Student: 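I have a structure I would like to understand better, so I am pasting it below and will then ask my questions one at a time.
None of these values were measured; they are calculated from a predicted model. Below, all heavy atoms of this structure are taken into account, side chains as well, without hydrogens, waters or symmetry copies.
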Amino acid sequence: MNKHLQAWVRLNLAEGIGISRKLELLRMLKTPEAIFEMDRKDWDGLGLKPAQAESLLSEDKLRESAEIIRMSEKKGIRIIPMDDEEYPELLRYIQDPPLVLYVKGVIPKGLGLGIVGSRKATGYGMNTAFRLASELAEEGFIIVSGMARGIDTAAHTGALHAGGQTMAVLGCGPDQAYPPENRGLMDRIARNGAVISEYPPGVKPQTYHFPVRNRVISGICIGVLVVEAGQKSGSLITAQAALEQGREVFAIPGNINHHTSMGTNRLIREGAKLVLSIQDILEEIPWSLSALPVYRKSSAPGTEPLSREESLILQTLRAEDLYHDQIAERTGVPRHVLFAALLQLEIRGLVRKDLTGRYAIVSDR
């Protein structure tokens with residue numbers, strides 16, 4: 001059995017330890033294997049509580065990690081840890097990235113655009129999601145959604161109809177078709193992209209899984225389009241996660257008298273980009289177009305002028321590698337602006353973020 005992979009799965013299974021703390025352990029010890037190879041007498045220096053150490057060292061977790069790997073192999077599910085080159089690049093840069101992903105299919109390379117919305121969508125919403133997903137897929141975007149009923153299903157189907165690639169992020173194991181009627185769609189997505197989850201095979205869908213997985217949908221993407229959403233829609237959680245991660249948020253306007261448009265109309269009122277056609281999306285992210293296969297830019301990537309915030313960030317990082325909260329403190333750049341600036345610097349190859357969350361200069365031009 002692959003010891004490196006098992007160490008990642010075992011670390012991921014440890015309970016009572018947040019992702020940020022696990023990443024800190026990786027920063028100190030370099031690899032997940034090193035965590036489990038430590039002598040027990042040295043564990044006190046890691047600052048872990050006894051219950052946390054016991055969870056990490058648990059023989060039950062060791063056996064469970066081995067069983068997860070065996071089950072995944074049996075079901076044709078691949079396990080992609082954070083240090084694997086197939087792991088989505090942008091997802092590494094969010095504050096709480098999944099340590100491992102369970103994948104059916106192959107994670108596409110390229111720019112992802114999330115399309116989400118109501119499970120109880122109207123005909124207007126379904127048609128709009130299908131059409132825009134199809135047109136965006138034709139432009140080279142990877143359409144990312146959650147494979148739920150309604151808007152998610154229309155978005156995946158639209159991308160496939162255009163011959164494009166799509167990714168489904170599940171709130172259950174990647175062997176679980178949820179909803180059940182989307183089993184055929186799930187198989188099509190796996191053949192033309194990927195079905196991914198941070199939950200191992202066999203894990204059933206749970207209500208509390210879905211708000212957590214929404215950060216992965218937005219984290220993979222450069223932006224999220226909300227097509228229809230009620231006042232308390234889970235799609236608004238995805239939009240909020242996107243804002244916190246420095247992603248663009250787009251919304252389709254709707255009938256002010258219909259409950260499925262209350263959430264999207266409110267997003268627009270609060271600053272989301274109103275979308276009437278895919279051109280409204282394309283013009284908002286011109287810096288990303290050089291990464292799309294259908295575009296050929298005359299200027300080389302990374303030659304665009306830096307914003308004031310980007311220049312300030314680079315100047316600060318010249319002294320030392322820093323976490324995002326340290327950068328915010330030293331530059332005074334507001335968090336929502338900071339994340340957007342960092343993302344653009346990463347895309348342009350000027351800074352990078354390591355597994356522990358620290359940013360470093362690659363090139364300061």
Student: Where the side chain of Ser65 meets the backbone of Arg10, is there a donor-acceptor pair that is under 3.5 Å apart?
Tutor: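 Side chain of Ser65 to backbone of Arg10, a donor-acceptor pair under 3.5 Å: no, none is there.
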
Student: Measure the spacing between CG of Asp325 and CZ of Arg330 and express it to the nearest 0.5 Å.
Tutor: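 Between Asp325 CG and Arg330 CZ, I get 10.0 Å after rounding to 0.5 Å.
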
Student: Looking at Tyr102, does the NZ or CZ of Arg78 lie under 6.0 angstrom from its six-membered ring centre and within 45 degrees of the ring axis?
Tutor: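 Judged by the rule (NZ or CZ under 6.0 Å from the ring centre, within 45° of its axis), Arg78 is not positioned above Tyr102.
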
Student: Between the side chains of Glu320 and Arg358, is the shortest nitrogen-to-carboxylate-oxygen separation below 4.0 Å, so that they form an ion pair?
Tutor: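 A salt bridge is absent here (no side-chain N lies under 4.0 Å from a carboxylate O).
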
Student: Do the charged groups of Glu64 and Lys61 touch, with an N to O distance under 4.0 Å?
Tutor: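 Salt bridge: yes.
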
Student: Do the side chains of Arg266 and Glu270 get close enough for a salt bridge, i.e. N-O under 4.0 angstrom?
Tutor: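 Salt bridge: yes.
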
Student: Could you tell me whether the side chain of Asp152 and the main chain of Gly146 form a donor-acceptor pair under 3.5 Å?
Tutor: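 Between the backbone of Gly146 and the side chain of Asp152 there is a qualifying donor-acceptor contact (under 3.5 Å).
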
Student: Under 3.5 Å, side chain of Glu86 to main-chain N/O of Ile107, donor-acceptor pair present?
Tutor: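 Looks like yes, one N/O pair under 3.5 Å.
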
Student: Within 45 degrees of the axis of the six-membered ring of Phe210 and under 6.0 Å from its centre: does Arg215 put its NZ or CZ there?
Tutor: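 No, Arg215 and Phe210 do not form such a contact.
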
Student: Is there a donor-acceptor contact under 3.5 Å from the side chain of Asn127 to the main chain of Gly123?
Tutor: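 The answer is yes, because a donor-acceptor pair under 3.5 Å joins these two groups.
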
Student: Which pairs pass side chain to side chain donor-acceptor pair (under 3.5 Å) with one or both residues in residues 160-182, sequence neighbours excluded?
Tutor: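 Of all non-adjacent pairs touching residues 160-182, those that pass side chain to side chain donor-acceptor pair (under 3.5 Å) are Lys75-Asp175, Arg149-Glu181, Thr153-Asn182, His156-Thr166, Gln176-Lys204.
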
Student: Do Ile217 and Val212 belong to the same hydrophobic cluster, where Ile, Leu, Val, Met, Phe, Trp and Tyr are linked whenever their side-chain heavy atoms lie under 4.5 Å apart, directly or via other members?
Tutor: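 They do not share one cluster, since no chain of ILVMFWY contacts under 4.5 Å joins Ile217 to Val212.
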
Student: Salt bridge check: are Arg27 and Glu24 linked by an N-O gap of less than 4.0 Å?
Tutor: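 Yes, Arg27 and Glu24 are salt-bridged.
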
